[in-house]
Protein chains: 2
Amino acid sequence: MVRKSASGRIGIADVAAKAGVSHATVSRVMNGNFTVDPDIAARVRAAAAELKYQPNPVGRSLALGKTDTIGIVVPDLANPTFQAILRGLSRAAAQDGYRVLIADSFEVSSEEAILAGEARRRCDGLVLCAPRMTDAELEEIAPSLHPLVLINRTTATAGVPSLVVDYGQGVQDIAEHLVELGHTRLAFLAGPPRSASNGLRLQGLESFKAAHPDVEVIMLEGGSDFDTGHGAVDAVLDSGATGILAFNDLVAMGLMSGLHERGLDVPNDISVTGFDDIPFAKYTTPALTTAAVPITELGEQAWQQLRALIRKEQSDTPGSRYQPRLEVRASTGPAKAARSAVHG
Amino acid sequence: MVRKSASGRIGIADVAAKAGVSHATVSRVMNGNFTVDPDIAARVRAAAAELKYQPNPVGRSLALGKTDTIGIVVPDLANPTFQAILRGLSRAAAQDGYRVLIADSFEVSSEEAILAGEARRRCDGLVLCAPRMTDAELEEIAPSLHPLVLINRTTATAGVPSLVVDYGQGVQDIAEHLVELGHTRLAFLAGPPRSASNGLRLQGLESFKAAHPDVEVIMLEGGSDFDTGHGAVDAVLDSGATGILAFNDLVAMGLMSGLHERGLDVPNDISVTGFDDIPFAKYTTPALTTAAVPITELGEQAWQQLRALIRKEQSDTPGSRYQPRLEVRASTGPAKAARSAVHG
DNA sequence: CCGGCCTGAGAAAGCGTTTTCTCGGTTCGC
DNA sequence: GCGAACCGAGAAAACGCTTTCTCAGGCCGG
């Protein structure tokens, strides 16, 4: 007969009663403490099995001071990049027996700090993914969030590893590629204003402009999704640019779709590039030229760093920098005006 | 001066000491219990603010017997469908102050039951998303998982709402559409064998075949991702079918990409359809004909149902059935052989 | 044969909250 | 003016577990 303590669920006390031992002994057995007489241990195990006893994780957490859970806060769960990071993180953490709690800030940066704090209190560590909050805010809360790892954002706070993708270099590589194809008038379809990675791209373009005074680079406002790209067709055409650097693959795909609807041909009329190399980029028509970011790996690395912090190991690498790799596909081609020059 | 109790973090005891009251009173104030003298309450609040006190959620959870967290287990976090469900669920739950814990089973069905149990114990409720486990297993564990809501799977267990998409009807609608275009030889590129939604599609096709004895339907093995579609090009061409029903949009996109590489034209040489209407489906070239599933809504509904269960409300709708909506786009066209017939 | 050591298990003290119980001090009613 | 109802706040129990503390009993050596 299964007896229950006050609450509905079976607790350690029920097992102890059934096996005729104390709570303490049951706990010892369940945790593989070998200072228990084998006979008694067997009896306890039998009782536990019969009652289908499973320790209550909340009680354990309180006693042990750890939850075996980590949190991740992302600005927008709809974004494939963050999904990929989440996936990599979740996979890696699961391998070490950790679960992940997600917090989506829906791009409202004012919520981030609160969300992060709440998540952190429930978890053993936190991954802050491309936070949109200001630097000041970040510095302010970072210490209280430890163990913390940052993705695509850096901080002066000690002990906070940062994994950042070198968007600046990536965007330069892309621009360089377009210039080699003969484009002399480029346009950058920017991302969300608060996005740090957008900032890095802008910096990269500044460097590029300094190195290529002959190339014109027009800045266009934008966003981070399909519709941004789709809605930017007019602005892009007005700019007169023949090589377009979209903020990311989504924007690029939206733009290509819009251009296609206008009867324009990519890449013969206009070259389009993306960023990230999301899985779909390979399968668009034409296949998208983009800068590949090892994004799942980023999630995995985030876990490695966080684990080191949680275990208080000396983290050998306090952070790392990821270089995007240029993926030249079919969405870029020789500039229209420069075409004969190339052939000639 | 900030004093800390034994542990590093600030606890209720610290606030109590600073305000010169007992823990109990602090707790009362923090929880808006109005049986506290306003002066004392103010003093407590001041102390709490000064110490930046935030209640420890684990302690709260233990005392209250709830975690304000729900769990979701999915077979594969890389799948856009599950991502969308997660997103909808997370959004809806957040609005009610709940967080979500994710568990990815990586398509290994034997892990699902354990994962589900663990997740459930940490949470106030659980969403089981298209579980791959057997019916027997599901019936076995379902009672212990309550409050539980199922997505794309049903159970005989009482009190477990099921949200299912009518894939059977959807696939019939698609087939019907192809037949109307003059196709008489169709092929179905199946999904993962253990997928219940694949089973529903197969049932739908049986109904379809019964209603259309003149139409040939060839069954092809498959999977659920891009590469499945890309790798199925040969099998598809060998089948001689002119209308292809891919398991989902991903497979369809992979297939279209493969066909394109072979120099085949969609839809002039062959018509391709997907399923789900993921955001990308609109932007492929040609845009993909598919059956739209209100997937984000599914996640939201899952939360509504789960919330009702958690609050022990009488759930008026013990589950619901979602009808896919046929989205005719450019990837389907008149059958090659039947073309002249159509025009004539 | 007795004292010290060691082993193994129960008792009890946390972990950080909430909540019931209790009780001193008012206030109200008769 | 005195008992009853009441109000507000502290003490203590409870939530379910881990872990230290403690102690009984068995074993060994002297």
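Each chain gets a letter, A, B and so on, in the order its sequence line appears, and its residues count up from 1.
We find that CG of B:N33 is positioned 10 Å from C1' of D:dG8, with the value rounded to whole Å. Look at NZ on A:K66: it is 14 Å from C1' on D:dC17, rounded to the nearest Å. Straight-line distance from the CD atom of B:Q54 to the C1' atom of C:dT17: 14 Å, rounded to whole Å. Distance B:D68 CG to C:dT17 P: 15 Å, rounded to the nearest Å. To the nearest angstrom, P of C:dC15 lies 14 Å from CG of B:L62. C:dT7 atom C1' lies 16 Å from atom CZ of A:F34, rounded to whole Å. If you measure from atom CZ of A:R9 to atom C1' of D:dC15, you get 14 Å, rounded to the nearest angstrom. Residue A:M30 contributes atom CE, which lies 13 Å from atom C1' of D:dG16 at whole-angstrom precision.
Among the nucleotides D:dG10, C:dG10, C:dC15, the one closest to the side chain of A:R28 is C:dG10. For B:N56, counting side-chain heavy atoms from C-beta on, the closest listed nucleotide (D:dT19, C:dT17, D:dG10) is C:dT17. Nearest to the side-chain atoms of B:S27 among the listed nucleotides D:dG16, C:dT18, C:dG10 stands C:dT18. Picking from C:dG8, D:dT18, C:dT18 the nucleotide with the shortest atom distance to the side chain of A:D37 gives C:dG8.
Contact between the side-chain N/O atoms of B:N31 and the OP1/OP2 oxygens of C:dT18 is found at a separation under 4.0 Å. For C:dG8, the OP1/OP2 oxygens have no side-chain nitrogen or oxygen of A:T35 closer than 4.0 Å. An OP1 or OP2 oxygen of D:dA11 is reached within less than 4.0 angstrom by no side-chain nitrogen or oxygen of B:S22. For A:R60 and D:dT18, the shortest distance from a side-chain N or O to OP1 or OP2 is below 4.0 Å. In terms of phosphate contacts, B:Y53 brings a side-chain nitrogen or oxygen within less than 4.0 Å of OP1 or OP2 of C:dT17.
Remark: side-chain polar atoms of B:R120 are paired, donor with acceptor, to backbone N or O of B:C123 under 3.5 angstrom. Using a distance-only test at 3.5 Å, with no hydrogens or angles considered, a donor-acceptor pair links the side chain of B:S61 to the main chain of B:P57.
With rounding to the nearest 0.5 Å, the separation of CG in B:L306 from CZ in B:R311 is 11.0 Å.
B:V58 comes within 4.0 angstrom of no nucleic acid atom, judged by non-hydrogen atoms across all strands. Here B:V36 lies in heavy-atom contact (under 4.0 Å) with sugar-phosphate atoms only.
Between A:R87 and B:D104 there is no salt bridge, since no side-chain nitrogen of the basic residue lies less than 4.0 Å from a carboxylate oxygen of the acidic one. Under the 4.0 Å criterion applied to side-chain N and carboxylate O atoms, B:R132 and B:E112 are not assigned as salt-bridge partners.
The residue among B:A24 and B:A63 whose nearest nucleotide of DNA chain D is located toward the 5' end is B:A24.
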